[in-house]
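Reviewing the structure listed below.
In each ligand, atom 1 is the first atom listed, and ligand 1 is the first ligand listed.
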Amino acid sequence: MDQIVALATPLVPGPLGIVRLSGPDLLSTFGKVLSPFPESPTPRHAYLTSVINLDGIPVDEGIVLYFRAPDSFTGEDILEFQMHGNPHSLRKIQNLLISLGARTAKPGEFSYRAFLHKKMTLLKAESLNRMIQAPSYQTYLQGLKNFISPSDDPLARLREDLVALLAHFYVVVDHLDLPDEEAPELSDLLGRMDQILLKLSSMVRDQKRGLKKRSGFTVALVGHPNTGKSSLFNRILGESRAIVSTVPGTTRDVIEGRYQTAFGDVILLDTAGIRVTDDPLEKEGIRMTKSLLKEISLGIFLRTPEDPSPVLLNHTGEFLTVLNKSDLLPKGSLNRFLKELSPAPSVLYPVSSRTGRGLPELLMAIGERARIYYEGGSVNSGGDSSPIRLDLLQRFQRSMRQARIPLSAGQFLESLHRLEQMRREWEDLFGVVSHEEVYDRIFSTFCIGK
Ligand SMILES: Nc1nc2c(c(=O)[nH]1)N(C=O)[C@@H](CNc1ccc(C(=O)N[C@@H](CCC(=O)O)C(=O)O)cc1)CN2
Ligand SMILES: Nc1nc2c(ncn2[C@@H]2O[C@H](COP(=O)(O)OP(=O)(O)OP(=O)(O)O)[C@@H](O)[C@H]2O)c(=O)[nH]1
Ligand SMILES: [Mg+2]
């Protein structure tokens with residue numbers, strides 16, 4: 001196993017920046033750039049020390065921690081540099097460690113090593129990733145719950161199903177010498193397997209449904225070309241992300257931005273203006289906008305004094321109507337204009353992407369919907385879906401189907417053999433399932449042999 005290095009904090013100026021090393025022989029390789037630093041540091045002791053480059057010049061002074069294998073996050077030796085959070089000095093430290101033999105870690109590689117050294121099951125690693133990526137505190141808590149008590153995870157309950165099923169198989173093994181009792185037992189086993197398979201199908205369905213949705217509260221800006229969707233997008237995000245021009249049909253791709261609210265992230269999408277066009281690129285953009293409408297949580301439909309007619313689209317979800325470019329209206333004429341607007345929306349937010357007018361009210365309205373989204377049921381349905389979970393479920397489903405085939409042909413032992421194989425394969429995911437555990441189940445719930 002080689003020595004890997006990675007920044008544990010983002011590369012932006014901040015109070016602290018953390019660089020982590022994991023692998024064998026860290027002290028002998030990297031101890032020489034630390035001064036002062038003992039040859040045999042006490043594990044988990046915070047040492048205040050300087051990092052010195054190969055020319056003997058200090059790069060930074062900070063806290064260095066040593067974790068000795070196997071008592072660390074990865075199960076390997078870990079050296080952690082808790083430095084001042086300047087991106088340039090942190091990059092220098094990382095490059096210094098690389099010049100001494102470490103290589104840059106791949107994404108998720110620290111967790112992968114923790115998994116390899118049995119510090120974490122796959123299921124825990126997946127929950128950890130979901131925690132870090134969570135778009136709101138509510139969603140984060142779901143991941144944390146699975147992380148802290150992995151056995152409550154619905155996927156982990158499959159382990160219980162497998163253990164219980166095996167226990168029932170062993171009851172039959174104990175009765176194999178009594179041929180008369182065999183037949184009813186086998187049909188009982190088939191019934192139990194079918195129950196598990198049924199549950200698996202519904203879990204797979206939920207995962208697939210959840211994966212189709214975008215994760216997080218998603219808002220799309222939609223309207224005719226030139227209504228100022230890209231200008232509003234840039235104004236809300238406070239940066240010039242999307243190209244703005246006087247030419248209608250400027251935006252073709254869907255552009256994604258993200259901002260945080262107290263309730264959770266808002267994923268904001270700028271889209272291609274909708275109109276009849278012959279330009280194939282623009283047509284494709286319009287097609288994308290239309291199909292996007294099915295995936296979003298909220299639509300913002302733009303109209304302007306220049307172009308007051310609404311876009312005609314089939315959208316059944318929730319939307320807000322915005323009158324952009326309201327600065328073009330002569331002073332005092334807004335109310336009259338709104339009254340004459342046809343068809344008149346029940347609620348309309350007058351804004352100006354140019355002056356920023358009306359923006360706080362619009363952002364409040366979006367924020368309120370984000371709160372409802374994250375606090376309500378929308379997160380719970382499909383909130384725990386991830387490609388990894390779907391993949392694991394489908395594999396479990398395949399193995400279970402494979403184990404059922406011989407049983408339905410009366411080949412009891414072959415079926416047991418396949419389930420035992422399954423138990424071993426799933427140790428990575430669930431942790432070890434011991435023979436004792438299967439037998440404990442027999443004795444605790446069936447009282448065989450009394
Ligand atoms: N500074 C720092 N903070 C951090 C981390 C880190 O790597 N560094 N973590 C990184 O994710 C998280 C904490 N996760 C950790 C998990 C296990 C061990 C660890 O040393 N485990 C040993 C000893 C267990 C014990 O003492 O109870 C082990 O499992 O053998 C350390 C951090 C969040 N905070
Ligand atoms: N007066 C005024 N002009 C605006 C406002 N918002 C946008 N514009 C102008 O309207 C024109 C079109 O703006 P865009 O943001 O590119 O419009 P769009 O809706 O993204 O257009 P497409 O990408 O072509 O669909 C540009 O010249 C903008 O400067 C506004 O609030 N007030
Ligand atoms: Mg645009």
Side-chain angles (χ1 to χ4, degrees), residues 6-9 16-22 43-44 46 62-83 105 108-115 117-120 124-125 127-129 131-132 144 147-148 220-237 240-255 257 268-275 277 279 281-282 285-286 288-289 300-307 311 322-330 349-359 362:
L7 279 153
T9 48
L16 293 181
I18 301 182
V19 182
R20 274 196 305 178
L21 276 165
S22 181
R44 294 153 177 268
I63 299 288
V64 171
L65 291 173
Y66 170 61
F67 295 84
R68 186 170 47 210
D71 302 326
S72 75
F73 174 70
T74 54
E76 302 176 323
D77 270 5
I78 283 190
L79 263 182
E80 198 175 281
F81 298 66
Q82 308 194 349
M83 298 289 130
E109 199 170 6
F110 278 77
S111 299
Y112 180 59
R113 290 197 170 187
F115 160 69
H117 295 107
K118 303 216 182 292
K119 289 284 167 184
M120 222 171 18
K124 263 193 97 132
S127 311
L128 181 57
N129 189 40
M131 273 161 66
I132 290 174
L144 182 69
F147 181 77
I148 290 179
L221 299 167
V222 183
H224 289 144
N226 231 27
T227 46
K229 299 176 292 301
S230 300
S231 306
L232 187 57
F233 178 84
N234 290 340
R235 178 61 108 153
I236 292 176
L237 295 179
S240 294
R241 283 278 311 281
I243 299 173
V244 166
S245 85
T246 52
V247 185
T250 301
T251 308
R252 272 97 193 275
D253 269 331
V254 176
I255 303 173
L268 191 65
L269 305 174
D270 181 22
T271 66
I274 305 256
R275 65 166 168 187
T277 174
D279 179 345
L281 267 185
E282 202 184 338
I286 293 171
M288 273 165 62
T289 304
I300 307 268
F301 285 57
L302 278 79
R303 294 159 76 169
T304 70
E306 307 162 321
D307 181 4
V311 265
V322 159
L323 182 77
N324 191 30
K325 307 198 189 182
S326 62
D327 56 286
L328 291 181
L329 289 168
Y349 294 85
V351 306
S352 166
S353 321
R354 183 153 291 170
T355 67
R357 157 189 186 182
L359 218 67
L362 177 62

Check whether any N or O atom of [X], backbone or side chain, sits under 3.5 Å from an N or O atom of ligand 2, and answer yes or no.
{"X": "T271", "result": "no"}
{"X": "A272", "result": "no"}
{"X": "D327", "result": "yes"}
{"X": "G273", "result": "yes"}

Answer yes or no for S230: is there an N/O/S atom below the 2.8 Å cut-off from the Mg ion (ligand 3)?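 A backbone or side-chain N, O or S atom of S230 is under 2.8 Å from the Mg ion (ligand 3).
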Looking at the Mg ion (ligand 3), is there an N, O or S atom belonging to S245 that lies under 2.8 Å away from it?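 Given the 2.8 Å cut-off, S245 does not count as a ligand of the Mg ion (ligand 3).
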Report, in ascending order of atom number, the atoms of ligand 2 lying under 4.0 Å from any heavy atom of [X].
{"X": "L328", "answer": "1 (N)"}
{"X": "T246", "answer": "27 (O)"}
{"X": "S231", "answer": "6 (N), 7 (C), 13 (O), 14 (P), 15 (O), 28 (C)"}
{"X": "P248", "answer": "24 (O)"}
{"X": "S245", "answer": "11 (C), 12 (C), 13 (O), 16 (O), 26 (C), 27 (O)"}

Any idea which protein heavy atom is nearest atom 25 (O) of ligand 2, and the distance to it?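 Answer, as residue, atom name and distance: K229 NZ, 2.9 Å.
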Nearest option to atom 20 (O) of ligand 2, as decided by whichever heavy atom of S326, S230, G358, S353 sits closest: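 That would be S230.
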Search all heavy atoms of I63 against all heavy atoms of A46 and return the closest pair with its distance.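 Looking at all heavy atoms of both residues, the closest pair is CG2-CB, 3.8 Å.
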Would you check if the side chain of K229 reaches a backbone N or O of F301 as a donor-acceptor pair within less than 3.5 Å?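 Checked: no pair found.
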